[in-house]
K.L.:
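Have a look at the structure that comes next, please.
First the proteins, then the strands, lettered A, B, ... as listed; each starts at 1.
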Amino acid sequence: MKESEEIIKPDSQHFIEQAIEKDLAEGKNGGRIHTRFPPEPNGYLHIGHAKAICLDFGMAEKYGGRCNLRFDDTNPTKEDVEYVDSIKEDIQWLGFTWEDREFYASDYFGKLWDFAVSLIKRGLAYVDDQSAEAISEQKGTPTQPGTESPFRNRSAEESLDLFYRMNEGEFDEGSRVLRAKIDMASPNMHMRDPIIYRILKTPHHRTGTEWKVYPMYDFAHGQSDYFEGITHSLCTLEFEVHRPLYDWFIDQLKTDDYRPRQIEFNRLNLTYTVMSKRKLLELVRDGVVNGWDDPRMPTLCGLRRRGYTPESVKRFVDLIGYTKVEAINDVSLLEYAIREDLNRRAPRVFGVLKPLKVTITNYPSDKVDHMEIENNPEDETHGKRLVPFSRDIFIEQDDFMENPPHKFFRLAPGQEVRLKGAYIIRCTGVVKNGAGEVTEVHCTYDPETRSGGPQADRKVKGTLHWVSAAHALDAEIRLYDRLFSDEDPSGHKDTDPREFLNPGSLTVMKGCKVEPSLADAEPLDRFQFQRVGYFCVDYDSRPGSLVFNRTVQLKDTWQKINK
RNA sequence: UGCUCCGUGGUGUAAUUGGCAACACGCCUGACUCUGGAUCAGGAAAGUCUAGGUUCGAGCCCUAGCGGAGCAACCA
C-alpha cells in the first residue's frame, strides 16, 4: 500500500551543476545561465573537445540557458578558416546548435582596444620597450619574485602614444608590448604584469590587416565572456591559475552586479592515444596517419569516419563525468559505448574477412535459394532480408580447423555446424594445396534443418556466417587497432610518444566477401558483420569496390579463451 | 623549496553534504541463445594516501606530512 513512497533518487550532480544551482539559488546574474564553447581555430576538434562541448551546451540546455560558439581567434599566425568550418561541422554532428550566436574574439578587437586604452589612462597598463628575453628574465621564477620593468612607471600619455603607434605599424614585431600593471612579486606568475597586447603583422583570417596589435588570450577571453553576457565560463584545469587574472580584468571592466565566473574541470585523457593538438598535428604532418580524419585518430572527424555515432560519443562523455581529478580514461569504455549503441541500431549482415571456400556436395549446382534472415535480432521492426544461398559458399578461415582443440565449436572434419539462417552442414572432407594447406572444405547439408524447417531446432554447437560465392561482393576491409601500444604514450618524461607507435594499427584486408545486399551501401552507413564486429562504409568506397572500416570488434570469448 | 589544484576497488565516477562506501566498465560463475554477440542471474574486488585532531559518529571538517598535476610563450 505504500507504492508512492518509492524513493526517486535524483541523479547525483557533478560539482559544476552544483555550483550553477547555487548561483541560481543566490539569484546571481538575474537567474540567467549562459555558457560558451570557445575553440581556437587552429586544428580539428577531438574527443576531449566533445567533453567540453557536451558540458557547455549541456549545462545551457539543462538550465534553460544558451550556449554561444565563439572562436578564440586572437593569434593570426596559427589560425585559419579551414578550421572554422570543420569545427562547426563537428559540433553540429554531435547534435548541438548555437543558433545565430556564432561569435569571434576578433569581433571584440575594437572593444578590447578601448579597454586597454582605458587601463593605460587609469595607470593600470603600460608599454614596455624591452625584448622578450629581458621581460622573461625579470619575470622571476615560480619560487622567486620578479623585478619591475624600467618602463613600468612611464607616463600614461607616453604609453598611450606608443600603443597607438604600435598599432599603426610603426614598430617591429617583438619590439614593444602592452602590459597590465599588477604585481611583479605575486606568487602567481600570471599576475606579474602579464603581456596583454603584442605586435603581429601577419594578416588575420577575418580582420585582415586592420590591426597590428593583437590581444593575448588572458586579455581576450574573460572580456569576451563579459561582452557576451556569459555567466559560466567552463574550461579545463590548466586555466585554474589564470582565474585570478580573469577576475582582475573583469573587476576593471564591470559596471554592475553581472560577472562571468570561470570554473575548471578535468581534461579528457584516453588510453593508447595522444590528445594534444600539437601532437595530433605532428602525426598528420609527418604522415604517420592519413590525415586528421584517419579512423585511428581521436579527432571527431576520425571517430566519425571510424563509424562512431554522435550518440555513442555523448554517452561516453556522460559515463566519465566531470571532476577535478586528472584521470586517464580507458578506451574500452568508449568501445563499450559504441557497441551498446550499434547493437541497438546496426543492421546485421554477413561479411567474410578471410574467405575459405566450402562446397556443399549434395546441394544442386544450379540451384539458388533465398534465405530470409532477420536484420536485427534485438529489434524485429528492422525487418528481414533475403540472402542468396548456393552450393559454393565462403566461410571464415578461422571458422574451420582440421585438427580442432577442445571446445572448438566450429567446423572441423566430421563435425556439424549451422549456417546462420540456412542449414546444418557436416564436414566430409578437405582439399589441400601443394603446401598442405586447406584450400577448400567439402560438406553435406541436411535439407530438413533449414531455418523454420522441421528439423530446425536440432542443436549444434556452432553457428557460422557465410556468403554465397557466386553472389558475394568483393570488398576491402580496413582493420584498426590502437595507434599506440602504450597506455599513456605522452606520460613518459624522457620518451617521445612516437616510440610507442603501434606498427600494426592498420591492417588492410583485400578480397573480403560481403553479401550482395551491401551493393548500394554509402559512406558512413554502419553494419554489424555478424560474429565479427561493427563496420562502417568508408569515404573511399565506390559501387563495385566497397571499402569498410572496422569500428570495433564484437566481444570475442573464444579469442579470450585462446589467449 | 613558492603558489594553485587533486588523492575512494583494476579503470572512471557516487555517497542524501557529518550517518551501513554505491554505480558503470572490466574480470569470474551459471542460465539462455540459429551471433562464443546480446540478454538474465550471481560473484570477486576499495574500507577512502599517511599520521594526528574535532565529534556519539569522519571518505566528507581541521592540522601536518607523503604522492601526483599545473604555473616562469610576445600560444590558447
K.L.:
In whole angstrom, give me the gap between the P atoms of B:G26 and B:G65.
P.N.:
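Those two atoms are separated by 42 Å.
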K.L.:
Is it the case that the base of B:G26 and the side chain of A:E335 share a donor-acceptor contact (distance under 3.5 Å, atom types as modelled)?
P.N.:
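No such pair is found, so the answer is no.
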K.L.:
Taking only side-chain nitrogens and oxygens of A:K78, does any of them come within less than 4.0 Å of OP1 or OP2 of B:A76?
P.N.:
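For B:A76, neither OP1 nor OP2 has a side-chain N or O of A:K78 closer than 4.0 Å.
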K.L.:
Using only side-chain N and O atoms of A:K459, determine if any of them is under 4.0 Å from OP1 or OP2 of B:C34.
P.N.:
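So the side chain of A:K459 is within the cut-off, an N or O lying under 4.0 Å from OP1 or OP2 of B:C34.
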K.L.:
Is any NZ, NE, NH1 or NH2 atom of the basic residue among A:E340 and A:R315 found under 4.0 Å from an Asp or Glu carboxylate oxygen of the other?
P.N.:
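Here A:E340 pairs with A:R315 in a salt bridge, since their nearest N and O are under 4.0 Å apart.
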K.L.:
Regarding A:D446 and A:R458, does a basic nitrogen lie under 4.0 Å from an acidic carboxylate oxygen?
P.N.:
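Between A:R458 and A:D446 there is a salt bridge, with a charged N closer than 4.0 Å to a carboxylate O.
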K.L.:
Distance alone, cut at 3.5 Å: any donor-acceptor contact between the side chains of A:N42 and A:E40?
P.N.:
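Looking only at side-chain atoms, A:E40 and A:N42 do form a donor-acceptor pair, the distance falling under 3.5 Å.
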K.L.:
How should the glycosidic conformation of B:U17 be described, syn or anti, under the criterion that syn lies within 90° of 0?
P.N.:
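You should classify B:U17 as syn.
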K.L.:
Report yes or no: is there a donor-acceptor pair, N or O only, under 3.5 Å between the side chain of A:R348 and the base of B:U35?
P.N.:
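Answer is yes: a donor-acceptor pair is held.
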K.L.:
Using a 6.0 Å distance limit plus a 45 degree cone around the ring axis, check whether A:K420 lies over the aromatic ring of A:F350.
P.N.:
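No, A:K420 and A:F350 do not form such a contact.
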K.L.:
Looking at A:H14 and B:A14, is any side-chain donor or acceptor paired with a base atom of the opposite kind under 3.5 Å?
P.N.:
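No such pair is found, so the answer is no.
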K.L.:
Could you check B:A24 for me: syn (within 90° of 0) or anti?
P.N.:
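This nucleotide is in anti.
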K.L.:
Without decimals, in angstroms, what is the distance between A:E326 CD and B:U11 C1'?
P.N.:
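To the nearest whole Å, that distance equals 16 Å.
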K.L.:
Between B:U8 and B:U50, how far apart are the P atoms? Round to whole Å, please.
P.N.:
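Their P atoms lie roughly 11 Å apart.
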K.L.:
Please state the C1' separation for the pair B:U54 and B:A24 - nearest whole angstrom.
P.N.:
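Those two atoms are separated by 36 Å.
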K.L.:
Name the closest nucleotide to the A:K493 side chain, picking from B:U35, B:A69, B:C25.
P.N.:
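Side chain of A:K493 sits closest to B:A69.
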K.L.:
Find the distance A:I195:CD1 to B:A72:C1' and express it as a whole number of Å.
P.N.:
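These atoms are roughly 12 Å apart.
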K.L.:
Strictly below 4.0 Å: does A:T74 bring a side-chain N or O up to OP1 or OP2 of B:A76?
P.N.:
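A:T74 to B:A76 OP1/OP2: side-chain N or O found under 4.0 Å.
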K.L.:
What I want to check is whether the side chains of A:H49 and A:D90 have a donor and an acceptor closer together than 3.5 Å.
P.N.:
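No, no side-chain donor-acceptor contact under 3.5 Å.
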K.L.:
Hey, where does RNA chain B pair up into stems, meaning at least three consecutive Watson-Crick or G-U pairs with distances under 3.5 Å?
P.N.:
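Stems for RNA chain B, defined as runs of 3 or more consecutive pairs: B:2-7 with B:66-71, B:10-13 with B:22-25, B:27-31 with B:39-43, B:49-53 with B:61-65.
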K.L.:
What distance, rounded to whole Å, do you find between the two C1' atoms, one in B:C60 and one in B:G47?
P.N.:
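Pairwise C1' distance, B:C60 against B:G47, rounds to 14 Å.
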K.L.:
Does any donor atom in the side chain of A:Q138 or A:Q130 lie under 3.5 Å from an acceptor atom in the other side chain?
P.N.:
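Yes.
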K.L.:
Can you tell me, in whole Å, how much space there is between the P of B:C56 and that of B:U11?
P.N.:
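Looking at atom P only, B:C56 and B:U11 are 37 Å apart.
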K.L.:
Going by atom types alone, do A:R243 and A:H190 pair a side-chain donor with an acceptor below 3.5 Å?
P.N.:
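A:R243 vs A:H190: no donor-acceptor pair found between side chains.
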K.L.:
Using the P atoms only, state how far B:A46 lies from B:A22, rounded to an integer number of Å.
P.N.:
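Each nucleotide's P atom is 12 Å from the other's.
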K.L.:
At less than 3.5 Å, do the side-chain atoms of A:R531 and the base atoms of B:G36 form a donor-acceptor pair?
P.N.:
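Between B:G36 and A:R531, which were checked side chain against base, a qualifying N/O pair under 3.5 Å is absent.
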K.L.:
Of all the nucleotides listed (B:G7, B:A76, B:U35), which has the minimum atom distance to the side chain of A:V325?
P.N.:
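So the side chain of A:V325 is nearest to B:G7.
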K.L.:
Is the phosphate of B:C74, meaning OP1 or OP2, less than 4.0 Å from a side-chain N or O of A:K212?
P.N.:
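No, A:K212 has no side-chain N/O under 4.0 Å of OP1/OP2 on B:C74.
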K.L.:
Taking syn as a glycosidic torsion within 90° of 0 and anything else as anti, which one is B:G67?
P.N.:
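Anti conformation here, the glycosidic angle of B:G67 being more than 90° from 0.
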K.L.:
Measure from CE on A:M191 to P on B:C3 and round the result to the nearest Å.
P.N.:
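Distance, rounded to whole Å: 16 Å.
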K.L.:
For A:Y126, give me all partners under ring pair (Phe, Tyr, Trp, His ring centres under 6.0 Å), at least two apart in sequence or on another chain.
P.N.:
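For A:Y126 there are no ring pair (Phe, Tyr, Trp, His ring centres under 6.0 Å) partners, ignoring immediate neighbours.
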K.L.:
Consider the side chain of A:D556, meaning its heavy atoms from C-beta on, and name the nucleotide among B:C71, B:C74, B:G36 that approaches it most closely.
P.N.:
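Output: B:G36.
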K.L.:
Using the C1' atom in both, what is the distance from B:C23 to B:U16, to the nearest Å?
P.N.:
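Pairwise C1' distance, B:C23 against B:U16, rounds to 15 Å.
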